[in-house]
Amino acid sequence: MADTTIKKLAIGGLWGLLAGLLLMATGIEPAKAEYGDVVMNNYSDEAGMRPVIFPHWFHRVRFRCKVCHADLGFKFKAGGNEINMLKIIDGEYCGACHNGDIAWSVENCDLCHSAKPGTPTQVHESTLQQLVAPVAGAGGAGGNNNK
Amino acid sequence: MKSSRLLFSIIALTVPIVLHLASGVATAQNANTFNRLMKPPEERNPPPMKDGIHDPDNSGTRILQPPREAFEPMPKANSGNRIDWVKALEENKINPRYDRLDPAKEPIIMDLNIVREVKGSMPDVVYPHKQHTEWLDCSNCHPAIFIPQKGANQISMASILLGEKCGVCHGKVAFPVSDCRKCHAKTKTDTAAK
């Protein structure tokens, strides 16, 4: 008799612990990534790859906006350029520099494809994202403002 | 009997963990903390492993440069990345290329201020072409975002907040609208005297 009570208690405790851990994992954690970080998830999730994070700040230290946004034809819109790996290996968009000559080449998949799976396309910390950000349970991703 | 002992030990392990978690939640939910809606300074510019969008389980994530390391020598600001990028460029703290291949290529600078008179009590806007042409090409803004003609562009703070006009960059990657005075830089009397 006592044995089953303890068993029930133990199972209850374990469920509680699991629920607590799950709550932590699904994240009440606020978004903290860098202002201007762009997440692109046009095709990644479907293809079983992590979405791409483009760190604006890192590139801005090395190139003026004009190089990508005028010379290479990147539109000012997160996820709006329909970039895919074929275009990149043919030297378009990211591939204009990420070719093993100016910057490291495409075999370093996980340096770009580095976002948590399921992260939506967005400009991180943008004013618009903050305006529409849900109050609770937003997770790390926030609103999808730029699709 | 053996199994019940095992269960006891599980409970003994679980209870303190649950209590610890619960106490953590209790501290986090203190209603009267200072600046409860603001990000504390130590949480700004976190490394990729801790920034909430990079996957810590991805092996590439740990190789990426932590922003703080790059920002250390750069002049600070109070918004965005908390870096004054225009000043960083002026003070030669960074030397971003103007051409993809040629590190020596110099930008074509246009030094022309445009004053836009605004409604209400806010100071008029002074738009400096100089700082913008340091970074950008004319074709980035003209004619798609701004028609290059005086009085031809309707701009409102609402449209900027929604990511149009100045808001195509300001509020996404360039300094955000909370830095009012960087644009609303001219007093009404200055304009009247002009």
Side-chain angles (χ1 to χ4, degrees), chain A residues 2-3 6-7 9-10 13-14 16-17 20-21 24 27 29-37 39 50 53 55-58 60-67 69-72 76 78 96-97 102 108-117 119 123-128 131 139-141 145-146, chain B residues 1 3-4 7-8 10-11 14-15 17-18 21-22 39 43-46 48 50-55 58-61 63-65 67 70-71 79-83 85 94 96-101 107 134-137 139-140 145 160-163 167-173 176-178:
Chain A
D3 228 22
I6 290 161
K7 212 172 193 175
L9 267 174
L14 278 174
L17 182 68
L21 287 174
M24 285 172 79
E29 189 193 348
K32 289 181 287 194
E34 210 50 50
Y35 180 70
D37 277 358
V39 180
R50 292 183 173 91
I53 297 177
H56 247 123
W57 64 270
F58 184 93
R60 194 174 180 181
V61 169
R62 289 154 181 86
F63 294 96
R64 302 189 193 225
C65 323
K66 168 256 182 197
V67 175
H69 289 295
D71 301 352
L72 300 182
F76 295 125
C97 291
I102 299 170
N108 299 288
C109 317
D110 60 0
L111 292 184
C112 296
H113 289 274
S114 58
K116 291 178 180 170
T119 310
V123 182
H124 204 74
E125 294 240 316
S126 67
T127 306
L128 195 60
L131 287 176
N145 63 338
N146 252 307
Chain B
M1 246 4 242
S3 71
S4 74
L7 289 171
F8 258 125
I10 290 172
I11 295 169
T14 311
V15 166
I17 295 169
V18 170
L21 287 176
K39 200 190 282 182
E43 280 182 25
R44 292 171 194 156
N45 314 115
K50 292 182 181 171
D51 72 2
I53 57 171
H54 282 92
D55 189 347
N58 171 46
S59 56
T61 302
I63 308 171
L64 300 171
Q65 187 182 31
F71 295 165
S79 59
N81 302 105
R82 309 220 162 230
I83 293 302
W85 291 92
I94 54 171
R97 286 188 190 180
Y98 188 70
D99 185 82
R100 184 170 58 99
L101 300 164
E134 285 275 3
W135 294 96
L136 292 152
D137 186 76
S139 68
N140 283 134
I145 304 170
I160 295 171
L161 280 164
L162 290 172
V168 169
C169 299
H170 288 281
K172 286 183 193 154
V173 63
V177 290
S178 52

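In this text, all values refer to a predicted model and were calculated from it rather than measured experimentally. Naming: A, B, ... by sequence-line order, numbering from 1 per chain. What you see below is based on every heavy atom in this structure, not just the backbone, and it leaves out hydrogens, waters and symmetry mates.
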Exercise. With the threshold set at 4.0 Å, does a side-chain nitrogen-carboxylate oxygen contact exist between B/D55 and A/R50?
Worked result: yes
Do the non-hydrogen side-chain atoms of [X] and [Y] ever get within less than 4.5 Å of each other?
X      : Y      : value
B/W85  : A/W57  : yes
B/F71  : A/E34  : yes
B/L64  : A/S114 : yes
B/I145 : A/F76  : yes
A/L128 : B/L162 : yes
A/I102 : B/R100 : yes
A/F58  : B/P67  : no
B/H54  : A/I53  : yes

Select one option (side chain, backbone, both, neither) describing which atoms of [X] are under 4.5 Å from chain A's heavy atoms.
X      : result
B/I160 : neither
B/P107 : side chain
B/L136 : both
B/S59  : both

With no hydrogens and no angle check, is any side-chain donor or acceptor of [X] less than 3.5 Å from a backbone partner on [Y]?
X      : Y      : result
B/Y98  : A/R64  : no
B/D137 : A/K66  : no
B/D51  : A/A33  : no
B/K172 : A/V123 : no

Problem set entry | Closest contact, heavy atoms only, B/G60 versus A/L111 |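 Closest heavy-atom pair between B/G60 and A/L111: O-CD2, 3.6 Å.
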Which atoms of [X] come close to chain B, meaning under 4.5 Å heavy atom to heavy atom: side chain ones, backbone ones, both, or neither?
X     : result
A/H56 : side chain
A/D37 : side chain
A/V61 : both

To the nearest 0.5 Å, tell me how far [X] [atom1] sits from [Y] [atom2].
X      : Y      : atom1 : atom2 : answer
A/T119 : B/I53  : OG1   : CD1   : 7.0 Å
B/C169 : A/H69  : SG    : NE2   : 7.0 Å
A/R60  : B/I94  : CZ    : CD1   : 7.0 Å
A/S126 : B/H170 : OG    : NE2   : 14.5 Å

